[in-house]
Amino acid sequence: MHNRREFLKATSLTAVAAAGIPAIVSAAFGTQSPRQVELKTGDVILFQGDSITDFGRDRKPPNFNIENADRTKEYNDFNSLGAGYAMLAGSEILFKARQKKLKVFNRGISGDKVYQLADRWEEDCLALKPTVLSILVGVNDYWHSLLNGYKGTAETYLTDYRKLLDRTLKALPGISIIIGEPFAVAGVQAVTPQWYPAFDQYRKIARDLATEYKTRFIPYQAVFDQAVKLAPASYWTFDGVHPSVPGCRLMADAWLRVVKP
């Protein structure tokens, strides 16, 4: 009987969440419609970031056992896109814009901070020649200062991020960039009161950089803040940092608000 009640509760939450996700995302973006990236034929879309983007993707190319395997061919497949928001958002644009011959890559790597993205930027970004670049990074830049003895600060995050954007725009003029806001859902396992107010600086930096560089911006913190009004925080994320299955759907819908297939 207990299992039945839990099943019905979970089923009910799933139904409510599915019905409410568009409203959640709309509320997070506010009354002003976001400026969209309009996808063109042949566009190359690259998702970059940490574990939230990585989400279990296969980091070995399909022909990894062949010498000099061509990693530029890792696109539009389940293995390379992972199981998170990048796969959900990527599958949606591939379906809706199937005539545009899009290539969708995921190069997120679990644990990465901005300087680690920079270390692999030539191979995992510039060599792929993306026309649309989506970046979500920042939670580890703060979290690892609590857990792993990382000495970086908010100023480090700002400096490293600005260098990365400058480098990208110099190498790929005309690229469309989407900056995702680093987020944390308070009260779920990893995210304790110790995070605040320090972590809010990282969120503000991401938003300010999006304004400074005139990129698109996804307010993920506001998205999750709205979501917890509909279902418990633990429904949307299992540790306060990594999204659950419906949390990934929530993120994908938010991402799709700034992209027009």
Side-chain angles (χ1 to χ4, degrees), residues 34-35 37 43-55 57 59 71-72 74-75 80-82 84-86 89-90 103-145 148 150-184 198-221 241-242 251 254-255 258-259:
R35 189 166 53 96
V37 175
D43 267 344
V44 176
I45 299 95
L46 172 61
F47 289 90
Q48 264 292 1
D50 50 38
S51 56
I52 301 170
T53 302
D54 180 337
F55 233 92
R57 71 179 180 87
R59 298 180 196 170
R71 298 199 66 216
T72 65
E74 295 176 62
Y75 59 85
S80 65
L81 288 178
Y85 81 95
K103 293 180 180 179
V104 183
F105 290 88
N106 181 355
R107 285 292 191 277
I109 290 187
S110 180
D112 267 9
K113 297 170 276 295
V114 178
Y115 82 87
Q116 291 162 315
L117 264 66
D119 287 345
R120 58 186 180 84
W121 209 238
E122 187 64 42
E123 179 182 7
D124 281 350
C125 178
L126 304 184
L128 301 176
K129 294 181 169 50
T131 53
V132 179
L133 171 62
S134 176
I135 309 174
L136 174 58
V137 67
V139 70
N140 292 324
D141 293 77
Y142 176 70
W143 194 12
H144 287 189
S145 70
N148 300 330
Y150 175 58
K151 302 302 183 183
T153 64
E155 186 63 32
T156 306
Y157 176 64
L158 171 61
T159 301
D160 289 351
Y161 211 152
R162 183 175 279 127
K163 287 180 180 177
L164 192 73
L165 293 171
D166 288 339
R167 178 180 172 189
T168 304
L169 291 168
K170 181 178 180 180
L172 301 169
I175 190 174
S176 295
I177 297 177
I178 301 166
I179 291 179
E181 179 184 26
F183 64 90
F199 178 64
D200 293 331
Q201 297 179 58
Y202 294 75
R203 295 175 41 232
K204 182 178 185 301
I205 285 168
R207 181 181 289 274
D208 288 348
L209 286 173
T211 300
E212 178 183 343
Y213 285 85
K214 297 181 172 59
T215 76
R216 278 69 172 182
F217 181 76
I218 305 175
Y220 283 126
Q221 186 67 59
V241 172
H242 300 92
M251 292 184 67
W255 190 90
V258 301
V259 177

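Every heavy atom of this structure was used, including side-chain atoms; hydrogens, water molecules and symmetry mates were not. Just so you know, these numbers come straight off a predicted model, no measurement behind them. Along the sequence shown, residues are numbered consecutively beginning with 1.
- Rounding to the nearest 0.5 Å gives a distance of 10.0 Å between NZ of Lys204 and CG of Leu209.
- For Asn106 against Ala86, the heavy-atom pair with the smallest separation is ND2-CB, 3.9 Å.
- For the pair Asp166 and Tyr213, the minimum side-chain heavy-atom distance is below 4.5 Å.
- Atom CZ of residue Arg59 and atom CD of residue Glu74 lie 11.5 Å apart, to the nearest 0.5 angstrom.
- Using a 4.5 Å cut-off on side-chain heavy atoms (C-beta onward), Ile52 and Met251 make contact.
- The aromatic rings of Tyr202 and Phe199 sit parallel to each other, their planes meeting at less than 30°, with 60° as the upper class boundary.
- For the atom pair Gln48 CD and Ile178 CD1, the distance stands at 13.0 Å (nearest 0.5 Å).
- A donor-acceptor contact shorter than 3.5 Å links the side chain of Arg35 to the backbone of Lys214.
- If you take CG on Leu165 and OG1 on Thr215, they are separated by 7.5 Å, rounding to the nearest 0.5 Å.
- Across all non-hydrogen atoms, the minimal contact from Pro182 to Val139 is CB-N, 3.9 Å.
- Looking at every heavy atom in both residues, Ser51 comes nearest to His242 through OG-NE2, 2.6 Å.
- A salt bridge is absent between Lys163 and Asp160: the closest approach of a Lys/Arg side-chain nitrogen to an acidic carboxylate oxygen does not fall below 4.0 angstrom.
- The backbone N or O of Ala127 lies less than 3.5 Å from no partner atom in the side chain of Glu122, so there is not a single donor-acceptor pair.
- Residues Ile109 and Gln116 are not in side-chain contact: their nearest non-hydrogen atoms beyond the backbone lie 4.5 Å or more apart.
- Counting only heavy atoms from C-beta outward, the side chains of Tyr75 and Val44 never approach each other to under 4.5 Å.
- Using cut-offs of 30° and 60° for the angle between ring planes, the Tyr85 and Tyr220 rings count as perpendicular.
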Is there a side chain to side chain donor-acceptor pair (under 3.5 Å) between Ser110 and Asp54 once you walk through the steps? CA-CA 6 Å; Ser110 180; Asp54 180 337; 5.1 Å; no

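- Under the 3.5 Å distance criterion, the side-chain polar atoms of Asp141 are matched with a main-chain donor or acceptor of Val114.
- Separation of atoms OG1 (Thr53) and CZ (Arg107) is listed at 13.0 Å; rounding is to 0.5 Å.
- Nearest heavy atoms, Arg216 versus Ser176: NH1-OG, 4.4 Å.
- Shown here for Val137 and Asp112, the closest heavy-atom pair between the two residues is CG2-O, 4.0 Å.
- Neither side chain, Thr156 nor Thr159, offers a donor N or O lying under 3.5 Å from an acceptor on the other.
- Using cut-offs of 30° and 60° for the angle between ring planes, the Tyr115 and Tyr150 rings count as parallel.
- With Leu133 as the partner, the side chain to side chain contact (heavy atoms under 4.5 Å, CB included) test is satisfied by one option alone out of Leu46, Leu172, Val37: Leu46.
- Contact annotation: the side chain of Asp208 never approaches that of Leu158 to less than 4.5 Å [non-hydrogen atoms, C-beta and beyond].
- Side-chain atoms of Leu117 and Ile135, non-hydrogen and from C-beta on, do get closer than 4.5 Å to each other.
- Two residues are said to be in side-chain contact when any heavy atoms from C-beta on lie closer than 4.5 Å; Phe47 and Arg57 fail this criterion.
- For the atom pair CD of Gln201 and OH of Tyr157, the computed distance is 12.0 Å after rounding to the nearest 0.5 Å.
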